[in-house]
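Since the structure comes first, as C-alpha cells, the remarks are kept for the end.
All values below come from the heavy atoms of this structure, side chains included, with hydrogens, waters and symmetry mates left out.
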Amino acid sequence: NITNNPIKNKIHNHLILVLLVLLVLFPRKVFAENFSLGLSPQTITVSAPVGKVAKTYVDVENFSDSPTTLSVSFKEFTASEKDDNQIEFLPLTEKFITYTKSISVTIDDRVIERFVLPAKTKQRINMSIPIPKDETHRDNTFSIIFTDITENATSSNISATKIRGAIGT
C-alpha cells in the first residue's frame, strides 16, 4: 500500500510532479468534439412466423451542430449474470455474422452499411429481419449499433484513428 510506505509516497509524489512539469513544458493541442445522438424507440421487439420477415424501424437523431458519418453493425447480447439489469455482449460467431448479413438495413429503400446524418436532423432506418426456416422458438437478442466513423478533418499534420462514440438499441 503506497500510503503506508514513506519511500513509495515520496516516489509517487515525485512522479506526479514530473508529469505535471512535462504537461506544462510540452503542451499538446486538444480537440473537443460534440457527439450527441438519440435513438427512438430505444427497445425494439419483433416477431414473425418461422420463414417470414419481420419489419421494423429505428429513428436516429443527430443533436450536434456537425454532420456525422455512422456505420451500422449488430452485436448479440444476453442478460448479465449479475442482478444489475445490464446486458453482456457475446463474442461474434460465424452463425451470427452469417445471420446479420441477411438483415436488410435501408434508408428510403436503399440498402446501407453506413450513412451521413446531417446536423440537427432525424433519419428513419428501416430493417427487414428474416426468421430462418430452421429456427426453433426462442428469443434472439441483439443490438443494432451506430458507430460514429466521421474522419478527423482538423489538421493534415495530425494522424489518428478514432471512434468518437457509438449508440445502440
Side-chain angles (χ1 to χ4, degrees), residues 19-48 52-80 82 84-132 139-169:
L19 288 173
L20 288 172
V21 168
L22 287 173
L23 286 172
V24 170
L25 292 177
F26 303 103
R28 303 281 297 174
K29 288 184 180 178
V30 176
F31 299 97
E33 296 189 39
N34 185 7
F35 177 79
S36 182
L37 293 179
L39 294 178
S40 176
Q42 293 179 356
T43 302
I44 300 169
T45 303
V46 297
S47 65
K52 299 295 180 184
V53 176
K55 295 185 182 278
T56 190
Y57 70 90
V58 63
D59 291 326
V60 182
E61 189 165 0
N62 182 358
F63 297 109
S64 73
D65 294 325
S66 305
T68 185
T69 302
L70 299 170
S71 70
V72 181
S73 61
F74 300 94
K75 191 88 169 137
E76 207 170 12
F77 69 87
T78 188
S80 172
K82 303 171 190 165
D84 59 1
N85 293 326
Q86 298 295 312
I87 63 169
E88 291 180 9
F89 285 112
L90 301 173
L92 286 175
T93 63
E94 222 26 70
K95 182 178 179 181
F96 184 72
I97 292 169
T98 301
Y99 174 67
T100 59
K101 288 180 181 177
S102 70
I103 298 172
S104 176
V105 180
T106 62
I107 295 175
D108 300 325
D109 296 325
R110 185 177 38 94
V111 176
I112 59 153
E113 291 180 6
R114 64 188 67 206
F115 62 100
V116 175
L117 187 59
K120 306 288 185 192
T121 60
K122 183 189 289 189
Q123 179 64 60
R124 175 150 294 178
I125 309 297
N126 296 298
M127 292 177 284
S128 297
I129 305 168
I131 310 301
D139 289 338
N140 294 307
T141 52
F142 60 88
S143 288
I144 179 170
I145 300 174
F146 298 93
T147 305
D148 181 356
I149 57 170
T150 305
E151 292 186 23
N152 184 356
T154 53
S155 174
S156 61
N157 64 357
I158 296 174
S159 176
T161 301
K162 64 177 182 153
I163 296 176
R164 291 194 313 169
I167 189 169
T169 185

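With contacts defined as side-chain heavy-atom distances shorter than 4.5 Å, the pair V46/M127 does not qualify. Side-chain contact check for I125 versus V72: every heavy-atom pair is 4.5 Å or farther apart. Taking the side chain as every heavy atom from C-beta outward, F146 and T68 never approach each other to under 4.5 Å. Residues I129 and F74 have side chains not in contact (no heavy-atom distance under 4.5 Å, counting atoms from C-beta outward).
Test L37, T147, I149 against L70 for side-chain contact (heavy atoms from CB on, under 4.5 Å) and you get one pass: L37.
Of all non-hydrogen atoms in N62 and A119, the two that sit nearest each other are ND2-CA, 3.7 Å. For A54 against S47, the heavy-atom pair with the smallest separation is CB-O, 4.3 Å. Listed here is the closest heavy atom pair of S104 and V111: OG-CG2, 4.1 Å. Nearest heavy-atom pair across P130 and P132 is O-CD, 3.5 Å.
Under the 3.5 Å distance criterion, the side-chain polar atoms of T141 are matched with a main-chain donor or acceptor of F77. Without hydrogens or angle criteria, K75 side chain to L90 main chain gives a donor-acceptor distance under 3.5 Å. For D108 (side chain) and R110 (main-chain N/O), no donor-acceptor pair under 3.5 Å exists by modelled atom type. Checked by atom type and distance alone, the side chain of K120 pairs as donor or acceptor with a backbone atom of F63 at under 3.5 Å. Using modelled atom types, no side-chain atom of Y57 and backbone atom of P41 make a donor-acceptor pair closer than 3.5 Å.
Separation of atoms CD1 (I112) and OG (S71) is listed at 10.0 Å; rounding is to 0.5 Å. Taken from OG1 in T106 to CZ in F115, the straight-line distance is 11.0 Å, to the nearest 0.5 Å. Once rounded to the nearest 0.5 Å, the distance linking OG of S73 with CD1 of I97 reads 11.0 Å. In this structure, I87 CD1 and S80 OG are separated by 9.5 Å, a value rounded to the nearest 0.5 Å. Note that OG1 of T69 and CG of D148 are 7.0 Å apart. Values are rounded to the nearest 0.5 Å.
Heavy atoms of other residues, nucleotides or ligands lying less than 6.0 angstrom from CG of D84 number more than 12. Other residues, nucleotides and ligands contribute over 12 non-hydrogen atoms within 6.0 Å of the CD atom of E88.
Considering only residues two or more places apart in sequence or on other chains, R124 meets the salt bridge (Lys or Arg N to Asp or Glu O under 4.0 Å) condition with D59.
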